[in-house]
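Protein chains get the first letters and strands the later ones, always in sequence-line order, with residue 1 at the start of each.
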Protein chains: 2
Amino acid sequence: MIKVAAKETTKKTGKIREKSEYNILQAAQAEFIIQGYKGASVQSIADRAQLPKANVLYYFKNKENIYHAILQLTLDMWDQGIGDIKLEDGPQMAIEKIIAAKVKMSFKNPNASKIYALEIIQGAQHLKDFARTYLRKWVREKAKVFQHWIDNGEMADVNPVNLIFLIWSSTQHYADFETQILTIMNRADYEEEDIEQVTEFLTDIILRGCKLKQ
Amino acid sequence: MIKVAAKETTKKTGKIREKSEYNILQAAQAEFIIQGYKGASVQSIADRAQLPKANVLYYFKNKENIYHAILQLTLDMWDQGIGDIKLEDGPQMAIEKIIAAKVKMSFKNPNASKIYALEIIQGAQHLKDFARTYLRKWVREKAKVFQHWIDNGEMADVNPVNLIFLIWSSTQHYADFETQILTIMNRADYEEEDIEQVTEFLTDIILRGCKLKQ
DNA sequence: ATGTTTGTTGACTGTTTGGTCAATTATTAT
DNA sequence: ATAATAATTGACCAAACAGTCAACAAACAT
């Protein structure tokens, strides 16, 4: 589930270290989702990674460090996976691109999305700065672009911030509520074609909602 | 945050009991959101309720019982708050009604929504039956009504299940991601007028997405 | 008034927790 | 080969944990 991007830890990364850290983070991610931060025990993470607890604590010197490493990977992935929207794309292509990117992320990496969602729902206790600075800036920038298109008569006059929330929530939902959705649809797993189907559905309906009235 | 509906516990409900239980559940709800089920300690719940731990355990004989009581109230509230959709309403009024009801619930009772979201994201460990039976039935029934309108040429041919997910997620988002949304909008709290604004936004855009093409 | 139920609480218990440490073994560099 | 560094792990500890219990106080019913 965890996809390690180009790592840049301060520690020297020997081969064993790299592999062990990956292994531990993989185990920890699952454990943190199921049990929550406080509820996940280092022992249970170690068990899942098939390592002695002391070994886990050798690589990450405490539980919080493990969690922070996971959050960092999650944010990196988000940063990398979410396509940028450019003025020259125009509203239609921009919305298509952003929905496609987010749906893909949700289906390909639901666990990252879940970790993030848990963190926010629980009050962003470990993410305060990120939400306050980076995210606010991101939303405002994108909202500005949408507003430009609106002023320019390229799309309907919808509230850009609400539009971003709509795209965010409707795409994210397929990751965070995976359990519920699969249950409702009576399925065991998502399949490749679900990505296309959902992307098309959301793109269609949201684009129609943003088209100029005539 | 907790709104106690007409209670029907098996235990006799003396006045003191009723008040204490309410007080404890209120404290526990906040604690379970912040710390998660396993992470919340009975001691911390007791502290928040300003009661000795032993007293809390006198009213609810263990932690799981507290949590179950909260989940039950959450489901009751959901069941009661979500308006029904009827064939005779037609698609437009049905969508308006359901969005309005869900947005209102999200803004008026975000904590209930958060508890529910945490449960689902973490795998619905305490809700398996609910999700498997009740919810599936609910979605299928509503999807059937939408399908009828589609077949009858009263609305565009969109996938009804995806439409329900879209309405669910976009409305729920304002409760679950409250922290993030308030941060982005640089606000301390939601205000009454936010309910209208969001309801109008979502209703407009989703209705336009469901209108027949011509 | 008196007995009975209901509520209150400090003290206790066995278990699990995060984290340390020292002793030992692998790996690598020279 | 040997020294230095990295990795492994069982044993250990203080703190926090869920839950019990017995002793007592309040409230209530008659």
Side-chain angles (χ1 to χ4, degrees), chain A residues 4 7-71 115 118 122 125-126, chain B residues 4 7-71 122 125-126:
Chain A
V4 182
K7 288 245 322 211
E8 16 153 338
T9 326
T10 47
K11 280 174 190 167
K12 288 167 219 162
T13 54
K15 253 194 178 157
I16 298 178
R17 165 153 237 123
E18 212 165 326
K19 208 167 181 180
S20 285
E21 285 185 354
Y22 174 84
N23 185 26
I24 292 165
L25 290 179
Q26 182 100 344
Q29 191 189 47
E31 208 58 32
F32 280 129
I33 289 173
I34 295 174
Q35 305 289 0
Y37 173 72
K38 240 192 169 180
S41 71
V42 178
Q43 185 62 64
S44 65
I45 293 169
D47 289 349
R48 198 182 277 263
Q50 289 181 284
L51 290 172
K53 185 179 67 158
N55 199 353
V56 170
L57 288 166
Y58 166 74
Y59 285 107
F60 299 88
K61 69 172 186 296
N62 54 42
K63 188 164 96 169
E64 219 191 326
N65 278 18
I66 305 178
Y67 190 64
H68 274 136
I70 291 173
L71 280 184
I115 286 278
L118 289 174
Q122 301 197 314
Q125 292 172 296
H126 302 88
Chain B
V4 183
K7 289 248 318 212
E8 19 155 334
T9 326
T10 47
K11 281 174 190 167
K12 288 166 219 161
T13 53
K15 254 197 178 157
I16 297 178
R17 165 154 238 121
E18 212 166 327
K19 208 167 180 180
S20 285
E21 285 185 353
Y22 173 84
N23 185 26
I24 291 165
L25 289 179
Q26 182 99 343
Q29 191 189 48
E31 209 57 33
F32 280 129
I33 289 172
I34 295 174
Q35 305 289 1
Y37 173 72
K38 238 190 169 183
S41 71
V42 177
Q43 184 62 63
S44 66
I45 293 169
D47 288 349
R48 198 184 276 263
Q50 289 182 286
L51 289 172
K53 185 180 66 160
N55 199 352
V56 170
L57 288 165
Y58 166 73
Y59 285 105
F60 299 88
K61 69 173 187 296
N62 54 42
K63 189 164 95 168
E64 218 190 327
N65 278 17
I66 305 177
Y67 190 64
H68 274 135
I70 290 173
L71 280 185
Q122 301 198 313
Q125 292 172 296
H126 307 262

At under 4.0 Å between heavy atoms, what does A:A40 touch on the DNA or RNA strands: base, sugar-phosphate, or nothing? sugar-phosphate
Indicate yes or no for a side-chain donor-acceptor contact from A:S44 to the backbone of A:A40 under 3.5 Å, with no hydrogens or angles considered. no
C:dG7 C1' sits how many Å from B:K19 NZ, rounded? 15 Å
Could you list the residues that satisfy side chain to side chain contact (heavy atoms under 4.5 Å, CB included) with A:E64, not counting sequence neighbours? A:Y37, A:N62, A:H68, A:H126
Can a side chain N or O of A:R17 be found less than 4.0 Å away from OP1 or OP2 on D:dA6? no
Within residues 49-60 of chain A or reaching into it, pairs that qualify as salt bridge (Lys or Arg N to Asp or Glu O under 4.0 Å) - sequence neighbours excluded: none
Specify the separation, in whole Å, of atom CD1 of A:I66 and atom P of C:dG19. 8 Å
Going by heavy atoms in the side chains, are B:V42 and B:F60 under 4.5 Å from each other? no
Pairwise distance CD1(B:I45) to CD(B:Q29) - rounded to 0.5 angstrom: 11.0 Å
Between P on D:dT9 and CD1 on A:I24, what's the gap in Å once rounded to a whole number? 11 Å
Whole-Å distance, A:Q43 CD to D:dG10 C1', equals 12 Å
Pairwise N/O distances under 3.5 Å, protein to nucleotides 8-12 of chain C:
| from | atom 1 | to | atom 2 | distance (Å) |
| --- | --- | --- | --- | --- |
| C:dT8 | OP2 | B:N55 | OD1 | 3.3 |
| C:dT8 | OP2 | B:N55 | ND2 | 3.4 |
| C:dT8 | OP2 | B:Y59 | OH | 2.8 |

Without decimals, in angstroms, what is the distance between A:N23 CG and D:dT8 P? 11 Å
D:dA7 P sits how many Å from A:K61 NZ, rounded? 16 Å
Taking only residues at least two apart or on different chains, which pairs with a member in residues 24-50 of chain B satisfy salt bridge (Lys or Arg N to Asp or Glu O under 4.0 Å)? B:E31-B:R48
Taking atom P of C:dT17 as reference, at what distance in whole Å does atom CD of A:E64 sit? 18 Å
List for me each residue that meets side-chain hydrogen bond (donor to acceptor under 3.5 Å, both in side chains) alongside A:Y67, sequence neighbours excluded, and say none if there are none. A:E119
Should B:S41 be listed as having a side-chain N or O under 4.0 Å from OP1 or OP2 of D:dA16? no
When rounded to whole Å, the CD to P distance for the pair A:E21 and D:dA6 reads 13 Å
The side chain of A:L57 is closest to which nucleotide in this list: D:dC17, C:dG19, D:dG19? C:dG19
